[in-house]
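Because only heavy atoms are used, hydrogens play no part in the values below, and waters and symmetry mates are left out as well, while side chains stay in.
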Amino acid sequence: MAASPDTPPPGAEGAPGSTPADASGAASQGPPPPAVLVKPAPARLPELAALLAIVALADMALYQGAGGAGLAVLFAGIPATLFLTASARGVSRRFAAIAALLALVAGRCLWQSGAGVTTLGVAMLLPFAIALRTSRSFLPELAASTLGSAWASVRQLGGFGATLARCVPRGRLSRASSAAVYVPAALVVVFGAIFAAANPVIQAWLGRAVGLLDGLTGGPSPQRFVFWAVCAIAAAGLLRPVIRTIAGLDARLGVAHVSEPTDLAPEASRIALARNGMLALNVLFLGYNALDAVYLWGGHAPSGVTHTEYAHAGTAWLTVAFVLSTIVLGALFRGPIEHDARGKLARGLAYAWAGQNFILAVGTFRRITMYIAYSGLTELRIVGIFGTSLATLGLAIVVCKVWRRRTMLWVMRRQLDALAVAVAVFAVAPTDHLAMHYNVARIAADHYRPLLHLYEQPIRPETVPALLPLLDHPDPVVREGVAVVIATQRDRLQAADARATSWLDFELARHRALGALAAAAAHIADVMPIDRDAARARLRGVAYGINDELEHEGDEVPFDWRTRSYSPRD
């Protein structure tokens, strides 16, 4: 069901996910009445001004700019505009969380922009507008409201058009009906675009016409007018979002977050299933944790398998096990068994099994850290850390559900919240900076395997200053090869800085990197080899050669740059 843009729907401020009263019992009272299209109310003048401001911000940051400062202004300016313009607003904890994430996105763009953080910022604008109007903005309802607002944004734009029409002198509008002019023109544009897409000759004609028009008028190109129109539609959806609930979800999971006792008693077979299932899984997990206690934590690798190989194996599958454990707990302990005294043993076994899951999670983190210590840190391994943490948190949410007798609706909403926060934090976190700093520290300690990531991972502006300490490495192959890599990155950054002709493209990470490289210019020149290609090839050969060797036991055995082999220090 939908509500007006500035008024929360019935139940939006009360029970979560509640639906309007006229939606209940629709199936038993016959077919619903035919849909009636309601003409949008004319926009207020502040709303019209806000729409124009959003279009101007999007034009500045997306059409004219291509970098961090413009995007930072966009993701700070649009939320401020929405907040100041809304006629009815509420500041809830969820709204504050979304606003804080958008502020982090703006700061990240100012530091160093990217496709991921830009996409996240654009995707969070409509949830911000929805959370501004209702306190129950959980992820399922946000998704439904986002789709409804996107679908209705074109119709909402009509309310802004009506306000704009009132600002035009009526003498000009009386010459002809607006519909008699605008509709045929719109049809010509639509079918003309279809014909242009289907015929290369028409495409060439349009290209020459657009070039001629730009040369004669010097004004905005037709493409820019199309961009403005798309931005105006999006702005109308942001300023007048449609608040929706999911009736099917409410019907299946209810609307309450607390599971209340009922007169229903669980079947004996259901209690036996939960008890026997928890008993069997506890025995199985106890055996696996015992193996880890000997081989992972004790450091005694099984025959034919190195300690590192044992640690590397199974990290992804163990994360799958956490997800399945979450599903099993949620499925077995829902309904009357949560309150029945006969299910007390099964619930106790469930807590014991959850504890074993958390021990297994600690072992999984141990595997990941050993893998990182062995061959370095990458963005994909940081994803693994986030994924394992998220799966463990999901299990904790289900355990809390059993302990505090929460409903599955509560579980679903909290787990989706955790997923959304994890994705947002990962997008704004300086993962490249963290990975490069760790890898450089490992290389400086004579562990050469992370050298591979200089070639297999992208080197972004924020990571370049972290390479400078390797100019003092005792191995000339590393020292000279890294100098060549730094010089290549300096040329790339200088070219990007030269292309940034406007303040919109300014990024702090690039400015900081160029400053650090300028300060170290003399040192780079001293280390730089005469034959750069040969130095680059030598470093690449060492990086790939070391990683092609057999794994060595433990991380305490460093690579000896003198003998090009792993050997203990004297």
Side-chain angles (χ1 to χ4, degrees), residues 66-67 111-114 374-380 430-501 505-549 558-567:
W111 171 253
Q112 179 180 286
S113 62
Y374 177 73
S375 59
L377 184 60
T378 64
E379 194 169 28
L380 184 60
T431 53
D432 300 313
H433 180 76
L434 296 174
M436 183 62 77
H437 265 280
Y438 180 86
N439 293 335
V440 167
R442 298 294 295 170
I443 296 168
D446 293 345
H447 294 264
Y448 279 27
R449 292 187 185 276
L451 282 171
L452 181 66
H453 304 312
L454 296 179
Y455 302 97
E456 294 294 327
Q457 304 296 325
I459 300 178
R460 297 188 172 92
E462 68 178 357
T463 66
V464 174
L467 292 170
L468 294 175
L470 294 180
L471 295 175
D472 298 318
H473 198 280
D475 187 349
V477 173
V478 175
R479 187 170 62 244
E480 295 175 358
V482 169
V484 175
V485 172
I486 290 175
T488 302
Q489 296 302 318
R490 180 178 57 189
D491 296 340
R492 182 177 63 85
L493 290 173
Q494 288 175 345
D497 199 53
R499 291 193 300 269
T501 58
D505 302 324
F506 174 80
E507 290 184 357
L508 282 172
R510 185 175 65 240
H511 177 74
R512 171 178 172 269
L514 287 172
L517 293 176
H523 191 24
I524 297 172
D526 291 339
V527 178
M528 188 68 63
I530 298 176
D531 191 343
R532 295 190 179 190
D533 292 337
R536 183 186 294 109
R538 285 195 299 269
L539 182 64
R540 186 182 181 91
V542 170
Y544 281 90
I546 291 299
N547 283 277
D548 286 341
E549 292 180 356
F559 182 79
D560 190 342
W561 60 268
R562 301 174 184 83
T563 62
R564 296 290 191 274
S565 63
Y566 280 86
S567 59

Just how far is it from atom [atom1] of [X] to atom [atom2] of [Y], taken to the nearest 0.5 Å?
X: Glu507; Y: Leu493; atom1: CD; atom2: CG; value: 10.5 Å
X: Leu471; Y: Asp526; atom1: CG; atom2: CG; value: 10.0 Å
X: Glu480; Y: Asp531; atom1: CD; atom2: CG; value: 10.0 Å
X: Leu470; Y: Ile443; atom1: CG; atom2: CD1; value: 5.5 Å
X: Leu467; Y: Asn439; atom1: CG; atom2: CG; value: 10.0 Å

Q) So does Arg532 have more than 12 non-hydrogen atoms from other groups sitting under 6.0 Å from CZ? A)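 12 or below, so no.
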Which atom of [X] lies closest to which atom of [Y], heavy atoms considered:
X: Asp497; Y: Arg510; answer: OD1-NE, 3.6 Å
X: Val542; Y: Tyr448; answer: CG1-CD2, 3.6 Å
X: Arg490; Y: Leu514; answer: O-CD2, 4.5 Å
X: Val482; Y: Leu539; answer: N-CD2, 3.8 Å
X: Pro461; Y: Ala513; answer: O-CB, 3.5 Å
X: Arg512; Y: His433; answer: NH2-CE1, 4.4 Å

Q) In terms of side-chain geometry, is the basic nitrogen of Asp505 or Arg499 positioned less than 4.0 Å from the acidic oxygen of its partner? A)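 No, no charged N to carboxylate O under 4.0 Å.
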(Q) I'd like to know whether His473 forms a side chain to side chain contact (heavy atoms under 4.5 Å, CB included) with Asp446, so could you lay out the CA-CA distance, the side-chain angles of the two residues, the decisive distance to 0.1 Å, and finally the verdict. (A) CA-CA 9 Å; His473 198 280; Asp446 293 345; 3.7 Å; yes
Side-chain heavy atoms of [X] within contact of [Y], under 4.5 Å:
X: Val484; Y: Pro529; value: yes
X: Leu508; Y: Glu462; value: no
X: Leu517; Y: Gln494; value: no
X: Leu454; Y: Met436; value: yes

Q: Given side-chain hydrogen bond (donor to acceptor under 3.5 Å, both in side chains), test Tyr374 with Arg449 step by step and report yes or no.
A: CA-CA 7 Å; Tyr374 177 73; Arg449 292 187 185 276; 3.0 Å; yes
Q.
With side chain to side chain contact (heavy atoms under 4.5 Å, CB included) as the criterion, how do His523 and Asp472 come out once you've worked through the C-alpha distance, each side chain's angles and the decisive distance to 0.1 Å?
A. CA-CA 9 Å; His523 191 24; Asp472 298 318; 2.7 Å; yes
Q. Which class fits the ring pair Tyr455 and Tyr544: parallel under 30°, tilted 30 to 60°, perpendicular over 60°?
A.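 Aromatic pair Tyr455/Tyr544 classed tilted.
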Q. Do you see a donor-acceptor pair shorter than 3.5 Å between the side chains of Gln457 and Thr378?
A.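 Thr378 and Gln457 do not have a side-chain donor-acceptor pair below 3.5 Å.
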Q) So His453 and Ile459, side chain to side chain contact (heavy atoms under 4.5 Å, CB included) or not? Walk me through it. A) CA-CA 9 Å; His453 304 312; Ile459 300 178; over 6 Å; no
**Q.** Chi angles and distances behind the side chain to side chain contact (heavy atoms under 4.5 Å, CB included) call for Asp491, Thr488
**A.** CA-CA 5 Å; Asp491 296 340; Thr488 302; 5.6 Å; no
